[in-house]
Amino acid sequence: MDVSEHRTVIVTGSSQGIGLAIAGYFLDNGWRVAFVSLDLEQIRSRFQAKLDSGEALFFEMDVTDNAKIAECVSVVMERWGRVDALVNNAGIRTGTSIADTTPEEWNRIMSVNLGSTFFFSQAIAPVMKQQSQGRIINMSSFGGQFGPMTSSAAYSASKAGQLALTKVFARELAPYSVTVNAVAPASVRTPEMDKMDPAFIEKMVETIPVGRVGESEEVAELVYYLAAGSTGFITGATFDINGGRLMR
């Protein structure tokens, strides 16, 4: 297939964990992928061939910088001419108690987790409206639905805010054939999980009905379905992927 025929996705927070798995899954399925993260050097060698062939772009940037967001969208449009999907995955997770949460930590988490979701979606909306087609997927969390267990109040509040933004953007963009949905993972194996006490993980698994933690690739496959599948009648929805820890 000619590169010009490929569909295009921007994935924020795509240097590790779930974001990296999502970006890699899209590439493996023939999409052109714009990787967005503060530091992408650690994965450059893995994707050098895709960068050389023009199937991938790297944007090393702070997702709270609106000028950089605008530049990213502009470069993608200049190089590839369209954006078919945006995955708002960039995020910071902390476990700080309410008493110890500083204004600086609160504001940083809100800016990265919630602010970047709003401003990247805001920047991409005119493109998708002009195309009369597009998919936005916001990566929320179990913590945004259930409240903090291992995460801070700031993190949980930011993830709950993403669920609200999903509905707001879904309503506004629906007339343009642009859908906006959220994915809420929990208990998924990522570098963050590697930092946890194995005994804690063992106890956590006991609370998961399917009896195991999830894999990043399982989340990536769900995100890909929402972007590439016949999902034009699905918008404003939240998709749980948590092994049954939260059933609604």
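Note that the coordinates shown come from a computational prediction; the quantities given were computed from them, not determined experimentally.
- Of the candidates V9, L226, D84, T231, R135 forms a side chain to side chain contact (heavy atoms under 4.5 Å, CB included) with just one, namely T231.
- In this structure, Q162 and N88 approach most closely via the heavy-atom pair NE2-O, 4.1 Å.
- Nearest approach of L114 to S158, heavy atoms of both residues: CD1-O, 3.8 Å.
- Heavy-atom contacts from other residues, nucleotides or ligands closer than 6.0 Å to CD of Q48 number more than 12.
- Counting non-hydrogen atoms of other residues, nucleotides and ligands closer than 6.0 Å to NZ of K68 gives a total of 12 or fewer.
- Under the 4.0 Å criterion applied to side-chain N and carboxylate O atoms, E41 and R44 are assigned as salt-bridge partners.
- Counting only N and O atoms by type, the side chains of S140 and N138 include no donor and acceptor under 3.5 Å apart.
- Counting non-hydrogen atoms of neighbouring residues, nucleotides and ligands closer than 6.0 angstrom, the CD atom of E105 exceeds 12 such neighbours.
- Using modelled atom types, one finds no donor on one side chain facing an acceptor on the other under 3.5 Å when comparing S111 with T64.
- The environment of CZ in F239 is crowded: more than 12 heavy-atom neighbours from other residues, nucleotides or ligands sit within 6.0 Å.
- Side chain of E215 to backbone of E217: no donor-acceptor contact under 3.5 angstrom is found.
- Between the side chain of T12 and the backbone N or O of A90, at least one donor-acceptor pair lies under 3.5 Å.
- For the residue pair V178 and T235, the shortest heavy atom distance occurs at O-OG1, 4.4 Å.
- Residues R82 and T8 bring no donor and acceptor atom of their side chains to less than 3.5 Å of each other.
- Residues L40 and F47 form no side-chain contact, since every pair of their non-hydrogen atoms from C-beta on lies 4.5 Å or further apart.
- Between A34 and V76 the shortest heavy-atom distance is CB-CG2, 3.9 Å.
- The heavy-atom pair separating V11 from G19 by the smallest distance is CG1-O, 3.8 Å.
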